Amino acid sequence: MRLKRWICAVVSCAVVALGWWSLSFTQGVSRSLLGLLEQSRLAVLQEDWEEAAAQAEILHEDWDRSVHLLQLILPHSLCDRVEFQLAATQTSIGSQAKVDALRYAAVLELALRHLPVNEIPTWQNVM
């Protein structure tokens, strides 16, 4: 009987620890990517296309490093949405289309801000 209680306590602590880690990881990734996106967006506003492209490339590299873990804890459709918006933003920057680049950057910002929202504990997530 004591062994069952101990196992139950360990499993409960592990679930809470993993939940906390996934939430803090997604918040950290989101914050980091949003900072890079803001730098790229500022370069687009100043029409510094080389800097905007460089920042967008760094953003894409950071996303590529994080996406493998994110796909373990987030729905794939959410990761695919970020990937699509990132590609659209980079393409717009590459073609020096200021309005399109800013529009896609705004949609990408929304998708990145939504990443940690998906990990906030709710009864639906717990059950």
Side-chain angles (χ1 to χ4, degrees):
M1 201 51 126
R2 294 180 99 183
L3 183 62
K4 285 183 181 181
R5 287 183 189 164
W6 188 82
I7 290 173
C8 191
V10 168
V11 169
S12 296
C13 288
V15 167
V16 169
L18 283 173
W20 177 82
W21 173 83
S22 68
L23 180 59
S24 64
F25 177 73
T26 54
Q27 285 175 337
V29 167
S30 178
R31 229 178 285 120
S32 171
L33 296 175
L34 284 167
L36 291 169
L37 178 62
E38 182 61 25
Q39 292 174 0
S40 181
R41 198 165 54 124
L42 288 174
V44 168
L45 285 170
Q46 297 170 354
E47 296 188 19
D48 184 356
W49 298 108
E50 289 180 19
E51 178 64 21
Q55 291 298 327
E57 183 61 32
I58 293 170
L59 174 64
H60 199 136
E61 289 170 2
D62 279 8
W63 171 255
D64 285 342
R65 278 193 293 276
S66 304
V67 71
H68 302 296
L69 281 174
L70 288 172
Q71 286 179 338
L72 294 175
I73 54 180
L74 294 174
H76 288 276
S77 61
L78 192 59
C79 294
D80 291 343
R81 186 178 330 146
V82 170
E83 190 79 37
F84 173 77
Q85 294 303 327
L86 183 55
T89 303
Q90 281 188 293
T91 302
S92 298
I93 290 171
S95 65
Q96 297 184 358
K98 184 176 182 177
V99 173
D100 286 342
L102 292 173
R103 178 180 50 205
Y104 286 122
V107 176
L108 177 58
E109 179 181 358
L110 182 65
L112 291 174
R113 287 189 189 284
H114 189 68
L115 289 178
V117 171
N118 228 25
E119 281 301 296
I120 293 174
T122 62
W123 282 113
Q124 184 180 3
N125 291 352
V126 172
M127 298 301 176

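Counting begins at 1 with the first residue of the sequence. These numbers come from a predicted model, not from an experiment. Only this structure's heavy atoms are used, side chains among them; waters, hydrogens and symmetry mates stay out.
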Under 3.5 Å: donor-acceptor pair, side chain of S66, backbone of W63:
no
Between S30 (side chain) and T26 (backbone), is there a donor-acceptor pair under 3.5 Å?
no
Name all residues meeting the ring pair (Phe, Tyr, Trp, His ring centres under 6.0 Å) criterion together with W49; count only those two or more places apart in sequence or in a different chain, and write none if there are none.
none
Got a sec, which residues hit salt bridge (Lys or Arg N to Asp or Glu O under 4.0 Å) with [X], two or more places apart in sequence or on another chain?
X   : result
D64 : none
R81 : none
E47 : K98
E38 : R41

Minimum side-chain heavy-atom gap S32-D62 below 4.5 Å:
yes
Taking C-beta and beyond as the side chain, do E109 and L112 meet within less than 4.5 Å on heavy atoms?
no
Excluding sequence neighbours, so at least two apart, what forms side chain to side chain contact (heavy atoms under 4.5 Å, CB included) with [X]?
X   : value
A87 : none
Q90 : A56, E57, H60, L86
L72 : L69
Q85 : Y104, V107, L108

Using the rule that Ile, Leu, Val, Met, Phe, Trp and Tyr join whenever any side-chain heavy atoms are under 4.5 Å apart, tell me whether [X] and [Y] fall into a single cluster.
X   : Y    : value
L33 : L102 : no
F84 : V29  : no
V99 : V44  : no

Quick one: pull up [atom1] in [X] and [atom2] in [Y] and give me the separation to the nearest 0.5 Å.
X   : Y    : atom1 : atom2 : answer
D80 : L74  : CG    : CG    : 11.5 Å
L78 : Q71  : CG    : CD    : 10.5 Å
R5  : S12  : CZ    : OG    : 13.5 Å
L34 : R113 : CG    : CZ    : 5.0 Å
L59 : I93  : CG    : CD1   : 8.5 Å

Under the salt bridge (charged side-chain N to carboxylate O under 4.0 Å, His left out) rule, what pairs show up with a residue in residues 82-92, not counting sequence neighbours?
none
Not counting sequence neighbours, list each pair that qualifies as a ring pair (Phe, Tyr, Trp, His ring centres under 6.0 Å) and has a residue in residues 22-48.
W21-F25
Locate the shortest heavy-atom distance separating [X] from [Y]; write the atom from each residue and the value.
X   : Y    : answer
S40 : A52  : OG-O, 3.2 Å
T89 : A101 : CG2-O, 4.3 Å
L37 : A105 : CD2-O, 3.5 Å

Checking one residue: L110. Which other hydrophobic residues are in its cluster under the side-chain 4.5 Å linking rule?
none
